[in-house]
Colleague: 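First the structure, then my questions, so here it is.
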Amino acid sequence: MSDYDVDLFVIGGGSGGVRAARMAAQHGARVMVAEEYRVGGTCVIRGCVPKKLLVYASRFRAEFEDAGGYGWTLGHSTFDWPTLIANKDREIARLEAAYTATLQKAGVTVLKHRAVLADAHTVQLASGKKVRAAYILVATGGAPSYGDPIPGIEHAISSNEAFHLPALPPQVVIQGGGYIAVEFAGIFAGLGAHVTLVYRGENILRGFDDDVRQHLRMDMEKHGVRVLTSCKVAAIEKGGSRFSVRLSSGNQLAADCVMFATGRRPNTAKMRLEDVGVQIGKDGAIAVDDYSRTSVANIYAIGDVTNRVNLTPVAIREGAAFADTVFGGKPTAADHLNVPTAVFSDPEVGAVGLTEAQARDRLTRTDIYKAMFKPLKATLSGRDTTVLLKLVVDGATDRVVGCHVVGEGAAEMAQLAAVAVKMGATKADFDATVALHPTTAEELVTMRTKSASYAREAAE
Ligand SMILES: Cc1cc2nc3c(=O)[nH]c(=O)nc-3n(C[C@H](O)[C@H](O)[C@H](O)COP(=O)(O)OP(=O)(O)OC[C@H]3O[C@@H](n4cnc5c(N)ncnc54)[C@H](O)[C@@H]3O)c2cc1C
């Protein structure tokens, strides 16, 4: 590899790129990373981490309200958006510095530039410099997509800008039904804004279990978020500092902020990938094999730019698998089976494995266990909320193939349930596990009665 300036050039210093670079360096490779914005990528700078900090902020209102039923009398509470954003920014800057230091400590050279391909072994930096590399890893992530153009779309913000608004908008219209849309609906509403969620599909959170989707929508509406489905934003007009939002239904909404959370597209544009022979799929994502190798033998791609499972821990795993495969002498395919996922909405969602619909489609027999109840905490507080816990079981093998929770602590539950589901635990294993009382999660090991059982109809 000595004909090259480096053994590995990583384009993109996000979750996947940072992990791949560090691990490749630990395997002895000479590594460079180019990052055009901020080291840490979407997750650290304008994704998971700042989002979760805003979610925490948004939950205090309910806690303050609930405290009354438990005997607390609280003083008049106020919320200051600029304080939250400044504190969040300080923490993100700290994390960015920590990520950069980790890379440098591992011997990785970090270049703060945009990089594109010049040929299959050469990277061209925005500074004009060219670097020759034995291997190139494209880890450029994704960016918000606004969907089909509509009049006034330039007035809409994406999640990127939502993290830097100068003030909390009193009235917010969010278009989208995915996890980012419902999370920001919860954030803005929890902090005191009036929120309308507009989604063109029949119900929010497409891809999640149907009971979860219904339950979340019901609880979001109870908590004051207006959810309009089978409808979309048709036009946005600016009048002074406010906006008038015209819907496809003909209705008009007033808003101080219009946010589009209508999906993300892989960052492959103007990278000259196709010029060097890297095949791009029709969704704009880089096509890769199980080892994240592209159609060009020495070019690999990981993370959101490949549009497989667009989550940080998955990008990290793919980065590690790449480093082990190429520099560690241990070919490792990234494992995308039973990846747990959470939606930090109000209430929270946690899930792993198959939805009921997927199981009924794939398995010969599917058993469903379901519990819905008012959590203990809501008794004294009087909060109008219910939790949902659901297990999807393969009726032929008794294996638990799916676990879905809506309610406080759902994400934490899903992480642990994922261990059991990944190990192939059966419903009998869940039943044999002694409950931890009093918790919400105990219901996962105490549900004895099937709520439904389905046999797959024979294919015609
Ligand atoms: C609002 C939001 C909330 C999210 N919440 C969660 C969550 O709770 N949990 C979860 O698991 N995931 C979450 N995600 C998804 C998660 O952030 C991504 O899956 C993850 O960051 C993907 O990592 P990556 O390495 O593929 O790309 P990224 O982290 O996006 O990193 C790509 C990097 O490449 C840089 N780059 C792009 N092009 C170039 C170029 N030509 N030259 C140099 N640099 C370039 C970009 O600036 C970026 O820093 C969230 C995403 C968003 C937007």
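In listed order, ligands and their atoms are each counted from 1.
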Colleague: Salt bridge or not between Arg94 and Glu91? Use side-chain N to carboxylate O under 4.0 Å.
Modeller: yes
Colleague: For ligand 1, which atoms sit closer than 4.0 Å to a heavy atom of Asn310?
Modeller: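 By the 4.0 Å cutoff, the relevant atoms are 15 (C), 19 (O).
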Colleague: Check each atom of ligand 1 against the heavy atoms of Ala34 and keep those under 4.0 Å away; list them by number with element.
Modeller: 43 (C), 44 (N)
Colleague: Could you check whether Arg383 pairs with Glu408 (Lys NZ or Arg NE/NH1/NH2 to Asp/Glu carboxylate O, under 4.0 Å)?
Modeller: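 Between Glu408 and Arg383 there is no salt bridge, as every charged N stays at least 4.0 Å from the carboxylate O atoms.
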Colleague: Check this for me: does any side-chain nitrogen of one of Glu63 and Lys377 sit under 4.0 Å from a carboxylate oxygen of the other?
Modeller: yes
Colleague: Taking side chain as C-beta onward, heavy atoms only, is Leu216 less than 4.5 Å from Leu205?
Modeller: yes
Colleague: Taking all atoms of both residues into account, what is the closest heavy-atom pair of Ser248 and Ala234, and its distance?
Modeller: N-CB, 4.1 Å
Colleague: Using a strict 4.0 Å threshold on nitrogen-to-oxygen distance, state whether Arg399 and Asp394 make a salt bridge.
Modeller: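 Asp394 and Arg399: not salt-bridged.
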Colleague: Can you check whether Asn267 has an N/O within less than 3.5 Å of an N/O in ligand 1?
Modeller: no
Colleague: Of all the atoms in ligand 1, which lie at a distance below 4.0 Å from a heavy atom belonging to Tyr179?
Modeller: 4 (C), 5 (N), 6 (C), 13 (C), 14 (N), 15 (C), 50 (C), 51 (C)
Colleague: Just let me know how Thr42 lines up against ligand 1, side chain, backbone, both or neither, with a heavy-atom cut-off below 4.0 Å.
Modeller: both
Colleague: Below 4.5 Å, heavy atoms only, C-beta onward: do Val405 and Val349 meet side chain to side chain?
Modeller: no
Colleague: At less than 4.0 angstrom from any non-hydrogen atom of Leu311, what atoms of ligand 1 do you find?
Modeller: 10 (C), 11 (O), 12 (N), 19 (O)
Colleague: Counting the benzene-type ring for Trp, do Phe163 and Phe184 have ring centres under 6.0 Å apart?
Modeller: yes
Colleague: So if I count the atoms of ligand 1 from 1 in the order they appear, which ones are less than 4.0 Å from some heavy atom of Pro313?
Modeller: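 Those of ligand 1 that fall under 4.0 Å from Pro313 are 11 (O).
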Colleague: Please indicate whether any nitrogen or oxygen in Val116 is less than 3.5 Å from any nitrogen or oxygen in ligand 1.
Modeller: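 Looking only at distances, the answer is no, because the N/O contact criterion of under 3.5 Å is not met.
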Colleague: With heavy atoms only and a cut-off of under 4.0 Å, state how Ala139 meets ligand 1: side chain, backbone, both or neither.
Modeller: backbone
Colleague: Regarding Glu161 and Ser158, is there a side-chain donor-to-acceptor distance under 3.5 Å anywhere?
Modeller: yes
Colleague: Below 4.0 angstrom from a heavy atom of Gly303, which ligand 1 atoms are there? Numbered from 1 as shown, please.
Modeller: 26 (O)
Colleague: Charged N to carboxylate O below 4.0 Å: is that the case for Arg132 and Asp5?
Modeller: no
Colleague: Between the main-chain N or O of Thr332 and the side-chain N or O of Thr325, is there a donor-acceptor pair closer than 3.5 Å?
Modeller: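 Here the side-chain-to-backbone pair exists.
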Colleague: Relative to ligand 1, is Thr312 under 4.0 angstrom through side chain, backbone, both or neither, heavy atoms considered?
Modeller: both
Colleague: At under 4.0 Å between heavy atoms, is it the side chain or the backbone of Lys51 that contacts ligand 1, or both, or neither?
Modeller: side chain
Colleague: Just need the protein heavy atom nearest to atom 45 (C) of ligand 1, so name the residue and atom and give the distance.
Modeller: Glu36 CG, 3.6 Å
Colleague: Under 3.5 Å, is there a donor on one side chain and an acceptor on the other for His155 and Glu237?
Modeller: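 Checked: His155/Glu237 side chains show no N/O donor-acceptor pair below 3.5 Å.
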Colleague: What residue and heavy atom of the protein are closest to atom 6 (C) of ligand 1, and at what distance?
Modeller: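 Scanning the protein heavy atoms, the shortest distance from atom 6 (C) of ligand 1 goes to Cys48 SG, 3.3 Å.
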Colleague: Which atoms of ligand 1 have any heavy atom of Gly16 under 4.0 Å away?
Modeller: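 The atoms of ligand 1 under 4.0 Å from a heavy atom of Gly16 are 25 (O).
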Colleague: When you measure from the heavy atoms of Ile11 to every atom of ligand 1, does any distance fall below 4.0 Å?
Modeller: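 So Ile11 counts as touching ligand 1.
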Colleague: Can a non-hydrogen atom of His113 be found less than 4.0 Å from any atom of ligand 1?
Modeller: yes
Colleague: Hey, is Arg264 one of the residues with a heavy atom under 4.0 angstrom from ligand 1?
Modeller: yes
Colleague: Start with the C-alpha gap between Leu337 and Lys422, add the side-chain angles, then the distance that decides, and say whether side-chain contact (heavy atoms from CB on, under 4.5 Å) holds.
Modeller: CA-CA 8 Å; Leu337 199 64; Lys422 191 82 186 162; 4.0 Å; yes
Colleague: Any idea which part of Met271 is under 4.0 Å from ligand 1, heavy-atom wise: side chain, backbone, both or neither?
Modeller: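 For Met271, the contact with ligand 1 is made by the side chain alone.
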Colleague: Report yes if Ala115 has an N/O atom closer than 3.5 Å to an N/O atom of ligand 1; otherwise report no.
Modeller: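 Right, the criterion is met.
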Colleague: Regarding atom 38 (N) of ligand 1: of the candidates Val123, Leu117, Thr140, which has the closest heavy atom?
Modeller: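 The residue whose heavy atom sits nearest atom 38 (N) of ligand 1 is Thr140.
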